[in-house]
Amino acid sequence: MRPFGYAAPATVEQAVGLLAAEGSEALAGGTDLLSLLKDDVERVDRLVALRGVAGLSGIELDGGMLRIGAMTTLQELRDHDGAIAALPALAVAIDGVASPQLREMGTVGGDLLQRPRCWYYRRGFGLLALTEDGRSMVAEGDNRYHAIFPIGQARFVNPSSLAPLLVALGAEAVVHGPAGERRLPVEALYQAPQTAGERENTLAPGELLAGVEANVDASRSAVYEIRQRRSLDWPLMAAAVTLTGSGSRAERARIVLGHAAPTPHVAAAAGDLLSGQELTPETVAAAADAAVEDARPLSGNRYKVQLARTAVRRALGQAAGMEI
Amino acid sequence: MADYSWPEADRRAQIGARPARLDGPVKSTGFAKYPSDQNPRGLLAAKILTCPHAHARIVRIDTSAAEAMAGVRVVHVIQGEGSEIQWAGDEVAAVAAVTEDVARDALRAIQVDYEVLPHFVTEEDRDQAPGAREAGERAEGDPDAAFATAHRTVERTLGMPQMAHMCLEPHGQVCSWDGDELEVDASTQAVSTLAGQFATELGVPASQVRIRTEYMGGGFGSKFSPDRWGIVGAELARKAGAPVKLFLERDQEVTVAGSRPSAFARIRAAADEQGKLVAWDSDSWGSGGLPGTGQTPLPYVFSRLPNRRTRHTSVPTNLAGSRAWRAPNHPQACFLTMAVLDDLADELGLDPIDFLERNLDLTGRPDTYREQLTIAAGMASWKERWQPRGRRRESAVQRGLGVSVHTWGGRGHSSNCDVTVHPDGAVEARIGSQDIGTGTRTIVAQVLAETFGLELHQVRVSLGDNVYPQSGPSGGSSTVGGVTASTRRAAQDALREVLVHVAPRLEAEPEQLVAEGGRVFVDGDSSRGIPWPEAAAQIGGAPISVQGRNPGPGRLISSGVGGVQIAEVEVDTETGVVHVERMIAVQDCGLIINRRLAESQVYGGLIMGVGYALYEEWIPDPVSGRLLNADMEFYKLAGLVDVGSLEVHMMTGPGYDERGVIGLGEPPVISPGAAISNAVANAIGVRVPYLPLTPDRVLDALAGRGGPA
C-alpha cells in the first residue's frame, strides 16, 4: 500500500480546508476506498476522515422534511422508525445492501458518492477504460453489467443504493465548500466523465457532502431492485418511483433507474406519460416501455433493457398499491 | 490368514452412528491453526508478481529498485528475460520482505517490459480457436441407420464455462529451513506425496522434507502439488535464512490456482416408440486453459446406449491450466447428457423419470437407480406435482421440477496406519492422511473406537504429517475407503495381540473374546470379562504397535455408486432470475461410517452444485485477456439464502452395507447442474442451453434467442 497522510478534522471548516489540497480524499465508512487504495486503483496523498467531524451525522424528521447527515450509517437510517415509516422505500433500498458489515460501516454519503464497480475500472483501466488507441474496452469486451444508457465514453453504471430514490423524490444535497454551503438537486451531484481525469461526481476540490434533505410528505414511493442472488449481490437493475396524488391517479410521476447509466437515470418521458393519468396495467406498461425507449444496450447487456422495464413496472405497482 | 471385516449390524456402536466431527469446536471457535495461520518466529512474508497480459514475452526485467527497498530480504526472478508467458496471472518474480505490505510495495517497484502477443481466451466459438486439436472419433453400432429409423430425435447445442475452485484458504505454505531440513506447513490434499515433489525441485533428500497439514481450508482437487509458489517459497526461505509465508492473493487464487474445464457439445439423441434410447451423436469441445481438455465421457451413465458416435476437440486458451475439480469431467458430462435426455423425454411426451426408468438397462447399476428414483420421486411428491413443460399458472413466476442421475467410483486409495495400544489402555492411530474438511479425523477415530469397544474420546488420532505412515492424496473420493481399511486392519491386529494376553486371565481362548462397551469379555457371556484398562494392562510394560495396510477392494471396501437428484426451482420469467427452492439427493456409498458426516458431504455437494448451476463462471476479457471477476464480488458463490431446502437420503442397510466403505466426496456434486437446468426447462418450457443459469441466458432462451454457439 502506498504511503498516505491521514487527517482527522473536528469541524466542517477544517475538513473543507483539508480537502481543498490536491490529492486529498474524504474517508467516510471506508468500506470501499481502502480497498481501492490497497488494489492501487486509486492513489491519495491524504485521507481526510469525516467520522469525527461534528454535525455530519444524524436524522431529523421535521414535518414532511427528512434530513439525513452524510455520515449517518445505513444501519442507523434503517433503524430510524420515523424515517422508515415516512419513507418505507428506504428500507427496501437499504436492505438491498445484504451485508450487516456494510450497513454498519457504510454511510449515506459514502453510498451516494461511492466509486463505480465497473470491472475494467477496478482492474486499473480507468473509469472510461479506453485502450491506448482510444477504443472502448467495455464496448469490445464483456459488458454484461454495464450501462444501457451510456453517456459518451462513459459506460459504467452508478452503483448507489439510495440515489435513485432520492432523485425520484427530488431531494436536495447539502454541500459545504470553501465558499460556504450550497444546495443542489441530488441528481446534480453526478456527471458522466468524458476525459480520463474527470470524476463521476460534481463536487469541486474542497467540497464535501454534508447531507441530504427530501420532502417525503406528499408522495408515495417505491424501490424495486433486481438482483441475481438473495445473498449479498449488486442489483442488475433498480427502479425508484415517486407518485404524487392519491388513489389510482398520479398527479406527477418521477421514475429513476439505478445500475442503468453512469448517473442515476431519470426516465423523464416515462414519468411524463403517467403524470395526470390513471394508473392501470396498461398505462404502467406504457410507462415501462417509455422508460427504455431510448436505451442503447451494449453487446452483452440487452437483457438489462427487459430488467429495466420489469423494475419500472413493479416499482410503479408497489407505489400505487396495485397488482401489476 | 487373519480375517478383516466390519462388525455385524447389530454389533456396531460407532459405525453408522452420527457423532459430530471431532474438530468442530476448534474450527468454529477459531482455535484450529490452519497452515495460513502459522507464524513461526522471524517469519517473512512473500508475494508474487504476476504477468498482466494473457500472452507476452518478457523483454526486460529490472529488480534493482525492489532489492534496494528497506525491509526487502530476497527478490527472486521466476521467469526471466526472453520467457514467453501464456496466461495472465503467470508468475514472474517473487519478493520476501518483513511484512506483506512491504512485499507488495516491492512488487510494484519491479520493472518488467513485455512484448504483448495475441491471445485467445473465449473458446465458446471453436471455429475461431487457434490450435484446436481434434481428438478423433469413436463409434459403436450404426448411429446413422438408427437415427434414420428413430421415432423421435432431438438436437441441442449446450455448454458450461470454465470456473474456479475458489478455495477459501488460498494455495500456499509456510517454509522453514533448519540446515538442510525443510519444514512445510502446506494447505494440501497430499501430505504423504508432497515431500518427494519438494525434494526433487530443491535438490534435497525427501527424507529431509517434513509436510504438515493439521487443517486445511478447501482444495476440491486443486491442491495436490507444491506448485511453483511452493518451490519459490522454499527457495526464498533458503536464501533469506528465515521462514517464509507465501499464500496467494485472492485474485491469484481465482486466476491460476484451480479451474474446471469448460464443456460444449452439439448432441443428437434419438428414441424409439417405446421410449428406448436408440442413437447418440455428440460433437464436443472445451478448454482447460493452455493444455486444452480431454474428452468428456458421453453419453454419461447411459453408456451402453447402442448406436453412438462421439467426437471431441480440445481447445487451448491463454488461461492457466485446469485442475481436477470435484468429480473431474462428470458434472459436465452429466449436464450435457441429462439435459438432452430430458428434452427427448419432453419430445416423446414422457415423464422424465419414466423415460429414465425405461432406459436403466443401458446403465451400470439399473437396480440401484430404480430404487433411488422411486425414493427421490416419493420425497418430491413427483407423481402428484410434476407437470409437463409449459405455462401452468398466471404469474410471472413459474415453478418446475427436474431430475438427474450420476455415478462415481470411490475406491479407497493406498493407505497405511499405525495403531498403538498402551498398557494404560490408551489407543492411538497415526496416519499420513489429511482431513481436507470432510471429517477424516473423526472417521478414523470411529473405526478405532468401534474396534476396541471404546468411546470416541478414549481414542486419539494423529494425521496431517508425513512422519506418519504413508496414506494417499485425498482425491477421487478415495480417502474414506483407504483410511478405514488400513485403520481397521491395524486395529483388529492390535486387538488380537491384546486378546492373546488377556485370554489366560479370563480362562478363555483369544478367539472367544470380544471388546465392546468398554470391556473385554467372552462372547456370549459378558459376566466373564474385565474393563478395557485392565485388559490393556495385561500386555506388560511395552505398548503394542501394529501397522495396517489397505490391500485394495475386498470385504472392507469396494467402489461404484449411483445417485439421483431432483431440483425444484422458481423462475421469474420477467427477470430471468432462478431460485432453487429445494434439492433432493438420494445417494449410496456402501457402508456408511458416520451418517452425519455423510449427509454433510452431500449437503456440501448440493451447495457447490447450486453455485455452478446458477452463478459460478470464469469471465475472461476478450480485450485484455484477463479475468474480469477474479474476486468474490463478481465471481459469485451461492450464499446460504440462495441454496433452498436441501434434503438428503442415504441408502443404507442390506444391499448397501455389505459392499463395504465407498467414497462419497464427489458424487453429490455431479447432478445439480443437470437437475437444476432440467427444472428450469420444466418451469419455462424451453431449454436454457448454457450454465450458469444467469438472468441474461434465461431471458435469451425465453425470447427464443440462441445458445452459446
Side-chain angles (χ1 to χ4, degrees), chain A residues 1-3 32 35 38-40 43 98-99 117-125 129-132 135-146 159 224-237 288 297 299-311 313-314 323-324, chain B residues 52 88 99-102 104-105 107-108 121-122 249-251 395-396 572-580 610-611 614-615 617 619-644 692-703 705:
Chain A
M1 204 167 181
R2 295 174 194 273
D32 187 36
S35 303
K38 285 181 185 171
D39 293 343
D40 208 28
R43 299 174 192 180
S99 152
R117 309 307 308 185
C118 165
W119 46 29
Y120 290 97
Y121 166 63
R122 297 276 163 171
R123 271 154 192 80
F125 294 115
L130 301 176
T131 62
E132 280 174 12
R135 293 177 299 129
S136 167
M137 297 180 78
V138 179
E140 294 181 20
D142 198 307
N143 45 47
R144 68 185 72 186
Y145 300 129
H146 284 79
Y224 194 91
E225 298 183 339
I226 298 169
R227 46 167 57 77
Q228 194 192 359
R229 286 185 302 187
R230 297 183 182 181
S231 57
L232 181 63
D233 202 3
W234 292 102
L236 299 167
M237 183 58 60
S299 58
N301 68 2
R302 185 167 44 164
Y303 75 104
K304 289 184 68 172
V305 176
Q306 159 75 5
L307 298 189
R309 206 182 281 121
T310 303
R313 218 160 37 77
R314 292 183 181 179
E323 288 279 324
I324 297 291
Chain B
T99 67
E100 281 193 300
D101 281 342
V102 172
R104 289 192 187 104
D105 290 343
L107 293 186
R108 273 199 289 270
V121 294
T122 47
E249 307 275 23
R250 178 55 55 189
D251 61 335
S395 165
D572 186 329
T573 56
E574 293 176 352
T575 65
V577 173
V578 177
H579 186 254
V580 172
V610 171
L614 298 187
Y615 308 118
E617 60 184 310
I619 303 179
D621 177 26
V623 182
S624 67
R626 288 171 61 177
L627 288 187
L628 292 170
N629 62 340
D631 51 46
M632 297 189 87
E633 178 175 0
F634 290 112
Y635 189 96
K636 301 183 182 186
L637 297 170
L640 271 183
V641 289
D642 299 311
V643 297
L693 294 152
T694 50
D696 51 338
R697 295 178 183 125
V698 173
L699 290 177
D700 275 353
L702 279 166
R705 291 191 287 263

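These values consider heavy atoms only, across backbone and side chains, with no hydrogens, waters or symmetry-generated copies.
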- So what's closer than 4.5 Å to chain B heavy atoms on Arg135(A): side chain, backbone, both or neither? neither

- Item | Atom pair CD1/CD of Ile226(A) and Glu574(B) - distance to nearest 0.5 Å | 9.0 Å

- Task: Pick whichever of Leu614(B), Asp572(B), Val578(B) has the most heavy-atom pairs under 4.5 Å with chain A.
- Result: Asp572(B)

- Give, for atom CZ of Arg104(B) and atom CZ of Arg2(A), the distance between the pair rounded to the nearest 0.5 Å. 13.5 Å

- Item | Check: Glu633(B) side chain, Trp234(A) main-chain N or O, donor-acceptor pair, under 3.5 Å | no

- Looking only at heavy atoms, the pair that brings Thr575(B) and Leu307(A) closest together is O-CD2, 3.2 Å

- Would you mind telling me which of Arg229(A), Arg144(A), Arg309(A), Arg227(A) has the largest number of heavy-atom pairs within less than 4.5 Å of chain B? Arg229(A)

- Below 4.5 Å from any heavy atom of chain A, which atoms of Asp251(B) appear? Answer side chain, backbone, both or neither. neither

- Which one of Glu140(A), Gln228(A), Lys38(A) has the most heavy-atom pairs closer than 4.5 Å to chain B? Gln228(A)

- Contact leader toward chain A among Asn629(B), Leu640(B), Asp101(B), where contacts are heavy-atom pairs under 4.5 Å: Asn629(B)

- Query: So what's closer than 4.5 Å to chain A heavy atoms on Val577(B): side chain, backbone, both or neither?
  - Reply: side chain

- Item | Arg123(A) side chain to Leu628(B) backbone, donor-acceptor under 3.5 Å | yes

- Message: Testing the basics here: between Leu699(B) and Gln306(A), what is the closest heavy-atom pair and its distance to 0.1 Å?
- Response: CD1-CG, 3.6 Å

- For Asp621(B) against Met137(A), the heavy-atom pair lying closest together: OD2-CE, 4.0 Å

- Taking all atoms of both residues into account, what is the closest heavy-atom pair of Phe125(A) and Ser624(B), and its distance? CZ-CB, 3.9 Å

- Query: Side chain, backbone, both or neither: which part of Arg122(A) has an atom under 4.5 Å from a heavy atom of chain B?
  - Reply: neither

- Message: Is there a side chain to side chain contact (heavy atoms under 4.5 Å, CB included) between Leu236(A) and Asp696(B)? Walk through the geometry before answering.
- Response: CA-CA 10 Å; Leu236(A) 299 167; Asp696(B) 51 338; over 6 Å; no

- Message: What verdict does the side chain to side chain contact (heavy atoms under 4.5 Å, CB included) test give for Met632(B) and Leu232(A), after you've listed the backbone C-alpha separation in whole Å, the side-chain angles of each residue and the deciding distance to 0.1 Å?
- Response: CA-CA 10 Å; Met632(B) 297 189 87; Leu232(A) 181 63; over 6 Å; no

- Specify the closest pair of heavy atoms between Pro622(B) and Gly141(A), including all atoms of both residues, with the distance to one decimal. CG-CA, 4.0 Å

- Query: Asp233(A) versus chain B, heavy atoms under 4.5 Å apart: side chain, backbone, both or neither?
  - Reply: side chain

- Task: Against chain A, work out which of Ala630(B), Gly576(B), Pro52(B) has the most heavy-atom pairs shorter than 4.5 Å and name it.
- Result: Ala630(B)

- Side chain, backbone, both or neither of Thr694(B) within contact of chain A (heavy atoms, under 4.5 Å): both

- Item | Region of Leu107(B) in contact with chain A, defined by heavy-atom distances below 4.5 Å | neither

